[in-house]
Structures are given as structure tokens and as C-alpha cells.
Number of protein chains: 2
Amino acid sequence: MAASERNRFVVTPLCLARMTTNADEPQPRPRRRAPAGAAVLREDVTEAIRAAVFEELAAVGYARMSIEGIARRAGVGKTAVYRRWRSKLHLVLDIVSALAVQGLPAPDTGSLEGDLRLLYEVTSRALRHPVASQIIPDLQAEAARNPDIAEAMQKALREGQDGVASRILAAAAERGELSAAVDTDLALDLISGPLYWRSVVIRSPKLPKGYLGALARATAEGLKAL
Amino acid sequence: MAASERNRFVVTPLCLARMTTNADEPQPRPRRRAPAGAAVLREDVTEAIRAAVFEELAAVGYARMSIEGIARRAGVGKTAVYRRWRSKLHLVLDIVSALAVQGLPAPDTGSLEGDLRLLYEVTSRALRHPVASQIIPDLQAEAARNPDIAEAMQKALREGQDGVASRILAAAAERGELSAAVDTDLALDLISGPLYWRSVVIRSPKLPKGYLGALARATAEGLKAL
DNA sequence: TTACGTCGGGACGGGACCGTATCGTCGTAA
DNA sequence: TTACGACGATACGGTCCCGTCCCGACGTAA
């Protein structure tokens, strides 16, 4: 059936929306025996669980996250979770994989610096959400221990940030802005490293005016020197 | 008494040595009622605990790490741990603070690119140890949740990588290689970001020949464009 | 109309740690 | 020589979570 696949693509963006908008509202959840379901997995329950996973992941991290905690936060029974996913790992893998599907549009301003500038704007806005900047380093650290998570993260990265950056590089090479012989991996590190370092490692709350522009200019110059 | 302070500076490097050399040896630890102590904290026990914390931190991460697990791995009683540190947090904070003390020598090759090259060589060697590349992202993720850990990490960073990089920048500015008006924070991001991204986030097992040199050249050019 | 299967709730035994306390052992500093 | 206190070991009650099971309530699809 297409229902479970549709969840991947349709439900997850809703999760993201909810996670960023309702993160602070405690939500009364007075539901005293809510309307029960039928012989079909209810989609609102599925979505509530997904949203709860995001919140729980941000609040306590993957290691401390428990199925009971997720169910509690989602206002559902443990059974509802186990009926959908076999374990915490499956649950998180499913969500991370779904995130990877969000294709980002490749900027095309006609210049390397301009493209980078646009990429940085999109990326820094995404990293500005506290939930994202809590979850990403957490899963990234967990990936060092769990090959499955590592693979899912790699895939998400390749289809997101890295994919866009590669396309920017290819366009620049085609325009002759870059040598065609550049080490692509090194170039990707130069592009993605600094903003990640600043936003996630240093955890700078706000970037000063002109930061992204200067970063794009310096990075473009660095790339041209390769 | 100076004993506890000396631990900070003397014992910890030993911990580092042990953690990188003995990480794979399972260690029999057959001690069946080892020689008991006296009315003074035994330093070998303290050191065994510190080493065990490193190993445990790398193996399961901060969140999953338990006092019982540490004591078990160190081959000591829980009491020995609680006698020294009040909690897991105090224990880890103490160790991280001790790490911060290791002052790195500032390279001075006479050129910005040469200094960067040297810095990258030292840094990448440090990040090559699996224990380091396991522990750092883990604590970094935990820092997002715990202000005390965040502060300790910041301090360690400032006294390590960031401190050296700042001195490199100052020297370059003095030589006239850089504009004196550069945004120091942005410059530090450009310097530290790419290698961290590559080593810790991407987790590339080995850097190709010539990588560090090309990275240093590109970064230096990028900095000069600021 | 009816059988099916999900719903939240709750209970189950089991496991891992928590932080504390109390042993007898034993080496050192007074 | 002696008193002190760290040592490993063990046990304690308590908390949290695991994964499974059963329950009565409920709504939908056959």
C-alpha cells in the first residue's frame, strides 16, 4: 500500500513545521480517552509520535531518549509506537531517512561567490532553529558509534548540503571560475566546514551583519586558489 | 595540599597516553583483593578511574556512561569513585578542564600558509586518534544541553586550537599579510571549520596526500581576501 | 451488521543504575 | 604501636525503562 510510503514524504514536513512552532508551548493534552481508532493505523497518531521524537531528541538526546518518553510526550500508548516501529533505532532511522528526501534547490546566480552566498543563507537559516542545532550534533555523535545511523546521516548529508555544494562547484568549473582538477572533497570541506563550526560547534547565537557575505567571498577566493 | 592540584597536570597526560595505547588491550585485571590502601587517596586508583572514564566515554558516550560502568572498567569499587567526585558531571568536568591545560606551541614559520600547515598537521594528528574523535563530538553534543559542559569545552577550545589560531592571525597581521581589520571570529571559523568538518563530521578515515597543504594554501588565500 | 484491528491504559517481570551504608582488610602517618 | 581512613565487596530501597500482554472502547471496511 502507498500509505506508509506517503508518510515519508507528506507527514515529515508537517513534523518539521510542528517541531519549530510548537516547541515551546507545553500543550495541555487533556485528552481523557480520545476517540479510538479503527482497523487502520491512524495518521494523526503517527504524526504525533514523529513530532514527539523530534522534541524528545532535542530535549534529551538519542541515548537518553526512551520509547516511554516518546509515547508520554505524544500522548499515546507505548503500544502505538511499537506497532509502527520495532525499536528506537528503527524509529530514528526512519525519520532521518525521511529528512534526507527534502531536495534543496541549487542556487544559480551566475557566480561562485553568489551561489555560495545563497547556500549559506539557506543553511544558516536551517541551523538557526534550536531543535536542528540540538539534534544534528547529537545524531552526528551517535553516528560515530552506530553504523546504521552513520549511513543515514551520510545519505541525508549527500542529498542535502553536499549535493547542493557539488552542483555549485560543477557550475563554477563549467564557467571556468575553478580549475577542473580541484579536489572535490577538499572543496566541499572548505564550503561546509566554517559555517558548521560557527553555528554548531561554537554555537554562536547570532551571526554579525555581513558575516555570510564575507564568508562567501573568502571561501570563493580560497577555492580559486586550489 | 598540592597533591590534588598536581593530579591535574601530571596524571592527565598519563591518562591520554594510556587511553591511546591501551585502548584495545582488554587487560586481564585479575586483582583478587589487591593491596589495600592507607588513609590517603591512592594515586594509581585515581588514575585508573580517569583512564576508565576516557574509555567509557568513547565506548558509550556521556549520556549512557554510568558510575558503575566506570568503576567496573577501572577495576575499583563505586566507593572509590564517589570518594573523589560527587557525580558523573563533576568527574567529566574535571577531566575536560585538565585537558584544557595542555598548552600547544604556536607555530612560527614566517608565513601564514606555513603556520596554518603546521597547525593542521598537529590538529589532524590529534583528531586521528579514534578516542578523541569519539569523545569530542559526544561532549560537544552534550554541551548543547548542559551549560557547565559547554563552558568547559569553550575554555578547552580557547586554550587550544583557537588560541593557537589567534596567535597565527596576529603574527600574520603584524607581517602585513592580512588586513588588520579582519573579523577575527570569521577568520577563526575559516581556519578551524574545514578540518573539523572533514575529520569529525564526514569522518574521513584518511586524508589524501597533499590534503593538508592544499587546505593551508586555500585557507591562507581566503583569509587574505577578507 | 459484524468481525477486525487500532486505540489508550495499565500491569507484568526483568534489568540497569542510582546514591548510601556497612562490612573486614590493610597500609601509612602520627 | 596505634588510630585513621581508603580499599573492594556487597547489599539496600528506589527509580526508570524495557518489551510483552491483556483489557474494554471504538470505528471502519467488508
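Only this structure's heavy atoms are used, side chains among them; waters, hydrogens and symmetry mates stay out. None of the values given here were measured: they were computed from a predicted structure. In what follows, every chain begins at residue 1, and chains take the letters A, B, ... in the order their sequences are listed.
- For C:dG9, the base has a donor-acceptor partner in the side chain of A:Thr79 [N/O atoms by modelled type, under 3.5 angstrom].
- Look at CG on B:Leu89: it is 14 Å from P on C:dC18, rounded to the nearest Å.
- Atom CG of A:Leu41 and atom C1' of C:dG8 are 15 Å apart (whole Å).
- A:Arg42 places its CZ atom 12 Å from the P atom of D:dC26, with the value rounded to the nearest Å.
- A:Leu116 pairs in a side-chain contact (heavy atoms from CB on, under 4.5 Å) with only one of the listed residues (A:Leu212, A:Thr219, A:Leu190), which is A:Thr219.
- For B:Tyr62, there are no ring-ring contact (aromatic ring centres under 6.0 Å, His included) partners, not counting sequence neighbours.
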Got a list of protein N/O to nucleotides 28-30 of chain C N/O distances below 3.5 Å?
none

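- Using a 30° and 60° split on the angle between ring planes, A:Tyr196 and B:Tyr196 fall in the parallel class, below 30°.
- Using modelled atom types, one side-chain atom of B:Arg84 and one backbone atom of B:Ala80 make a donor-acceptor pair closer than 3.5 Å.
- Listed pair B:Arg72 / D:dG8 fails the phosphate criterion, with no side-chain N or O lying under 4.0 Å from OP1 or OP2.
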- Task: Show your working on salt bridge (charged side-chain N to carboxylate O under 4.0 Å, His left out) between A:Arg145 and B:Asp138 and close with a plain yes or no.
- Result: CA-CA 10 Å; A:Arg145 224 162 272 123; B:Asp138 191 88; 3.3 Å; yes

- Task: Given salt bridge (charged side-chain N to carboxylate O under 4.0 Å, His left out), test A:Arg125 with A:Glu121 step by step and report yes or no.
- Result: CA-CA 6 Å; A:Arg125 189 162 337 114; A:Glu121 239 145 64; 5.3 Å; no

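- Distance, B:Trp85 CH2 to C:dT20 P: 17 Å, rounded to whole Å.
- A:Ala74 and A:Ala48 get closest at one heavy-atom pair: CB-O, 3.6 Å.
- With hydrogens and angles ignored, no donor-acceptor pair closer than 3.5 Å exists between the side chain of A:Lys78 and the base of C:dG8.
- Residue A:Arg198 holds its CZ atom at 7.0 Å from CG of B:Leu186, rounded to the nearest 0.5 Å.
- A residue-by-residue look at A:Ser87 and B:Gly77 shows that B:Gly77 has its nearest nucleotide of DNA chain D further toward the 5' end.
- Toward the 5' end of DNA chain C, the nearer of the two residues B:Arg86 and B:Arg83, judged by each one's closest nucleotide, is B:Arg86.
- Residues of residues 57-70 of chain B that place a heavy atom closer than 4.0 Å to DNA chain C, in numerical order, are B:Ser66, B:Ile67, B:Glu68.
- In this structure, A:Asp44 atom CG and D:dT28 atom P are separated by 12 Å, rounded to whole Å.
- Minimum heavy-atom separation, B:Ala143 to B:Met153: CB-CG, 4.4 Å.
- With C:dG8, D:dT20, D:dG8 as the choices, the nucleotide that has an atom nearest any side-chain atom of A:Tyr82 turns out to be D:dT20.
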